[in-house]
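The next block holds one structure in the form of structure tokens; read it before the comments.
We name chains A, B, ... by the order of the sequence lines, and we start the count at 1 in each one.
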Amino acid sequence: MSTVRVRVAPSPTGAPHVGTAYIALFNLAFARRHGGQFLLRIEDTDQTRSLKAHEDRLISALRWLGLDWDEGPDVGGDCGPYRQSERLDIYRRHADQLLATGHAYHSFATAAELASWRAEGQAAGVPAPFAVERDGDPAAGRARAATGEPYVVRMKMPLEGTCVIEDMLRDAPISIDYAGLDDQVLLKSDGFPTYHLAVVVDDHLMGITHVIRGEEWINSTPKHMLLYDWLGWDAPKHAHLPLLLNPDRSKLSKRRNPTSIDYYRRAGYLPVALLNYLALMAYPPAAGADGAEQEKEPFDDFVGRFDLARISLGGSVFDVEKLNWLNGRYLREDLTPQQLLQALRDWALNDDFLAQIMPLMQPRMETLGDLMPKCVFFFSRNVEAKLEDLLPKGRQAEDVAAMLQTVVWSLETVVPWQRDAIEVAVKRTGEFWDWPIRDITRPLYTAIMGQPVGPPLYESIVLLDVDLTRMRLLAAIEVLGGVSKKKAKKLEKDWAS
RNA sequence: GCUCCCAUCGUCUAACGGUUAGGACACCAGAUUUUCAUUCUGGCGACCGGGGUUCAACUCCCCGUGGGAGUACCA
């Protein structure tokens, strides 16, 4: 049997997500367990959302966790490039091959046409009918494309038949009828591939033997199997992991919870604990000698007993309380006081970080002893904002909560995280509400610092960093009574316009 | 709507036909600690429902129900 090769393939479209770490963790464990290789591939095929800044943060976050890869964009390897935006010609070549063999076709349909086809399909309880284009003359399609008219390349899905997927985590194979599937776009009009084309081509070219990914991909696996077949390749084995969930059991999202790896880093969690907790999310703890279970288990020990088939299939609610408990145990049990001090230095108690605080605090001090009380919030996991401090004179809690929500949205667009851009984002919400800036900043001071007074706001937000800032704003919104789902929806609409 | 996945305490899970259904987080009591935290002890608390199969079902099968995901020129 050939060497095990697995990968994690995140797309750099936002903050590094704990879900990515979770998937990476199981891939790495599988690779280590079988003496194989683990690769990192950047799936930056969405030109409108992918950012190099996000990729940099992602790599830094995964490195911090110690989820190291054997091949990747930053370390190279024999199967590069490992960034999909640098492999465009490869995808085009394979798309051409599928066009030539009649498995794909040029599509020129407008958005309006597609919408009407979909509506038609919906009404009949079937996927959108693409017959108009898919059965046309291939040469005509090619000629039309050559004129420079924008087009996409679509898969010609079989109208009948069933795809049987063997999933390593499940006893019974998964069967999905081809008839229920859309003619998937493979090549977009900007010349970039979609996920479906790129993932199959790359996994094959990079020698991936096992695709271990999130459960949200099950439904598109038949498309991938078809592609392997059409291209004349053997498909890798598949394993679809259960999803990480919000407390309300929906797919883990940043809407109300911290989902960025950087949040946990900045809030003071230890990588070993986060990793341990993530493993526990889908894998039973080791049995101890006395029958009790050993929940605390560093990654290297976990690898030694890892067996893909033992992964539990139900989605898991991410429980910060339990993470806190585990993190506390590592902090107390595994670190000498010296090591604890070092961990603190690596985190925030270092000259580099403190030096940035000095200019903010110096004008506000009479004795050296005034420093810490006035800037504890930089070193705290969270602060407790009091309701009365969050309310500017004459404002209702409900309105202030809504206002803070728009600040959260406004701040989301700030990349990279810099002072002036933050100020612009905050002022923009001021204009939106047509409130004096004071009524915006007072709640902000309180949310960020726990009290309505403190060092300069924008500079402080920069140092607090994006994830901690976001969570403090969300916490303040809760103190104010929250923003109802219905209201948030309307607000989001108004805000977007 | 259609397709697929999943289903044990509030949460994470053990059990792989025969157990008083075990452990962990959280919570509640008590002990230790000058305080707090830690630590220790105890408590609360679950097999989604209905049919089968079997001497015996949490466990196997079927049907419901519930939850989730997918259904994009996003991944």
Quiz item: Looking across every strand, which nucleic acid part, if any, lies under 4.0 Å from A/S312 by heavy atom: base, sugar-phosphate, or nothing?
Solution: sugar-phosphate

Self-check item: Any A/L67 side-chain heavy atom under 4.5 Å of A/L40 side chain
Solution: no

Quiz item: Mind checking the C1' distance from B/U33 to B/G66? Whole angstroms is fine.
Solution: 48 Å

Practice problem: Compare the minimum distances between each of B/G67, B/C74, B/A75 and the side chain of A/R49, then state the nucleotide with the smallest one. | Solution: B/C74

Self-check item: Partner residues of A/E333 under the side chain to side chain contact (heavy atoms under 4.5 Å, CB included) criterion, sequence neighbours left out
Solution: A/K296, A/R329

Quiz item: Nearest to the side chain of A/I218 - B/C6, B/C12, B/C4?
Solution: B/C4

Quiz prompt | A/K296 side chain near B/C12 phosphate (N/O to OP1/OP2, under 4.0 Å) | solution = no

Quiz item: How far does the P atom of B/U34 sit from the matching atom of B/C25, given to the nearest Å?
Solution: 25 Å

Quiz item: B/A14, B/C73, B/C5: which one has an atom nearest the side-chain heavy atoms of A/P284?
Solution: B/A14

Self-check item: Assigned partner base of B/U32, Watson-Crick or wobble definition, under 3.5 Å
Solution: none

Quiz item: Hey, does A/E295 reach any base, or is it just sugar-phosphate, or nothing, if we go heavy atoms under 4.0 Å?
Solution: base

Quiz item: What about A/T194: does its side chain form a donor-acceptor pair under 3.5 Å with the base of B/C73?
Solution: no

Quiz item: In the structure shown, which nucleotide is the Watson-Crick or G-U wobble counterpart of B/C16, with both distances under 3.5 Å?
Solution: none

N/O contacts under 3.5 Å, protein versus nucleotides 28-38 of chain B?
residue, atom, partner, partner atom, Å
B/U38, O3', A/R332, NH1, 3.3

Side-chain donor-acceptor distances from residues 301-313 of chain A under 3.5 Å, at least two apart:
residue, atom, partner, partner atom, Å
A/R305, NE, A/E297, OE1, 3.1
A/R305, NE, A/E297, OE2, 2.8
A/R305, NH1, A/P284, O, 3.2
A/R305, NH2, A/P284, O, 3.2
A/R305, NH2, A/E297, OE1, 2.8
A/D307, OD1, A/A309, N, 3.2
A/S312, OG, A/A282, O, 3.2

Which side-chain N or O atoms in residues 169-177 of chain A pair as donor and acceptor under 3.5 Å with protein atoms at least two apart or in another chain?
residue, atom, partner, partner atom, Å
A/R170, NH2, A/H240, O, 2.4
A/D177, OD1, A/T162, OG1, 2.7

Quiz item: Is there a salt bridge (Lys or Arg N to Asp or Glu O under 4.0 Å) between A/E412 and A/R470 once you walk through the steps?
Solution: CA-CA 9 Å; A/E412 274 173 11; A/R470 180 191 174 84; 2.9 Å; yes

Practice problem: Could you tell me which nucleotide pairs with B/C4 by Watson-Crick or G-U wobble geometry, both distances under 3.5 Å, or answer none if nothing does? | Solution: B/G68

Exercise. Could you please name the option among B/C74, B/G22, B/U3 that lies closest to any side-chain atom of A/N219?
Key: B/U3

Quiz prompt | Who pairs with B/C27 - Watson-Crick or G-U, where each distance is under 3.5 Å | solution = B/G43

Self-check item: Watson-Crick or G-U wobble partner of B/C60, both distances under 3.5 Å
Solution: B/G52

Self-check item: Short side-chain donor-acceptor distance under 3.5 Å, A/R255 and A/S250
Solution: no

Quiz item: Which part of the nucleic acid does A/V185 contact within heavy-atom distance under 4.0 Å: base, sugar-phosphate only, or nothing?
Solution: sugar-phosphate

Self-check item: Quiz item: cation-pi between A/R63 and A/W69, 6.0 Å / 45°
Solution: yes

Quiz item: With sequence neighbours excluded, what pairs up with A/Q339 under the side-chain hydrogen bond (donor to acceptor under 3.5 Å, both in side chains) test?
Solution: A/T336

Practice problem: Using a cut-off of strictly less than 4.0 Å, decide whether A/R310 has a side-chain nitrogen or oxygen near OP1 or OP2 of B/U13. | Solution: no

Quiz item: Near RNA chain B, under 4.0 Å by heavy atom, which residues of residues 316-328 of chain A?
Solution: A/S316, A/V317, A/D319, A/E321, A/K322, A/W325

